[in-house]
Amino acid sequence: MMHEKPVLIREDGLRHDGRRPDELRPIKMEVGVLSNADGSAYVEFGGTKVLAAVYGPREVHPRHLALPDRALLRCRYHMAPFSTMDRKSPAPSRREIELSKVIREALESLIFVDLYPRTSIDIFIEVLQADGGTRTTGLTAASLALADAGIPMRDLAAGVAVGKIDGVLVLDIDEVEDEYGEADMPIGYAPSIDEIVLLQLNGVLSLDEFRQALELAKKGATMIYKMMKETLHNKYLRILSEE
Ligand code: ADP
């Protein structure tokens, strides 16, 4: 649904919601929010709210899908029917199938899948409310849920999308900026091992802009990563204080 283009970069250089170009939205994170899953996390980036649940390593169903030398990693990204303003079909869309795949591939490069042959690790990402950046918030939540489940990983992935709006490179774009901006580049970054595990680009950037956008995204992801570590650390402090 196209409306008239809103002012994205104001005269004072700030964005439509008052953020500086390199500023993240307000972030909330929590792990261990679901007691029936092996690991879980809730992550909020502004108006984007995502829940992730992890099961496994566990027996594979159906059994013939089991792999002899490593764990089978499955990932479902799903937008709840109440997550958007417009009606969203409850059937899996092409977009949801694509996002499930890119998030799974990003995490597969980090999980030590060969430690758990003949098992499955199942990741469920449920978007409760969508306001841009649901795939990156989903990746962040899934990384936290995997860590909460105690699944060994080479590093955690932090996700964030950078965009070009009215010619300005900005960090952590929301839905309005995504809809009316010139380019949108979601990334997943593992800071400790300095690896990009997800990178997509929608729109056009010059090579120089691409390099700057990547730096901005890495900087943002590193801030998010620090919060992820703190969130996991706090969980253990909570467990210790309850003992
Ligand atoms: P991401 O959520 O990773 O940024 P997109 O760029 O595809 O992925 O979507 C941008 C935003 O557009 C979403 O976060 C969401 O707010 C909105 N959106 C996406 N799909 C739908 C849909 N089927 N119905 C309504 N809004 C949607």
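Positions are given from 1, in the same order as the sequence printed here. Every number for a ligand or one of its atoms is a count from 1 in the order of the listing.
With hydrogens and angles left out, the side-chain atoms of D155 and Y225 include a donor and acceptor closer than 3.5 Å.
With hydrogens left out, the protein atom closest to atom 27 (C) of ligand 1 is T84 CG2, 3.9 Å, a heavy atom. The nearest heavy-atom contact from the protein to atom 7 (O) of ligand 1 is R95 NE, 2.7 Å. Of the protein's non-hydrogen atoms, the one nearest atom 10 (C) of ligand 1 is D178 OD2, 3.4 Å. Regarding atom 23 (N) of ligand 1, its nearest protein heavy-atom neighbour is K88 CG, 3.8 Å. Taking atom 14 (O) of ligand 1 as the reference point, the nearest protein heavy-atom neighbour is G132 N, 2.8 Å.
In the hydrophobic clustering of this structure, L201 groups with V160; members are Ile, Leu, Val, Met, Phe, Trp, Tyr whose side-chain heavy atoms approach within less than 4.5 Å, directly or through other members.
In this structure, G133 counts as a contact residue of ligand 1, since one of its heavy atoms falls inside 4.0 Å of the ligand. Ligand 1 does not have A161 within reach: every non-hydrogen atom of the residue lies 4.0 Å or more from it.
Every pair passing side-chain hydrogen bond (donor to acceptor under 3.5 Å, both in side chains) that includes a residue from residues 98-113 is listed here, sequence neighbours excluded: R70-E108, E98-Q200, K101-E105, R104-E108.
If you look at T134 next to ligand 1, the close heavy atoms, those under 4.0 Å, come from the backbone and the side chain alike.
Every N/O-N/O distance between Y77 and ligand 1 stays at or above 3.5 Å. Checked against a 3.5 angstrom limit, the closest N/O atoms of M79 and ligand 1 fall outside it.
Counted within 6.0 Å of CG on N36, heavy atoms from surrounding residues, nucleotides or ligands total 12 or fewer; the atom is thus considered open.
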For side chain to side chain contact (heavy atoms under 4.5 Å, CB included), just list the numbers for R74 and L65, CA-CA rounded to whole Å, side-chain angles, deciding distance to a tenth of an Å, and then say yes or no.
-> CA-CA 11 Å; R74 290 184 286 205; L65 292 179; 3.8 Å; yes
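F112 is listed as a side-chain neighbour of R154, based on a closest heavy-atom distance under 4.5 Å. Counting heavy atoms from C-beta outward, Y42 and L128 have side chains that approach closer than 4.5 Å.
When M85, R135, E175 are checked for heavy-atom proximity to atom 16 (O) of ligand 1, E175 turns out nearest.
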Enumerate donor-acceptor pairs with a distance under 3.5 Å from any side-chain N or O in residues 52-62 to protein atoms, sequence neighbours excluded.
| residue | atom | partner | partner atom | Å |
| --- | --- | --- | --- | --- |
| R58 | NE | D122 | OD2 | 3.3 |
| R58 | NH2 | D122 | OD2 | 3.1 |

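Atom numbering of ligand 1 starts at 1 in the shown order; those under 4.0 Å from a heavy atom of D131 are 16 (O).
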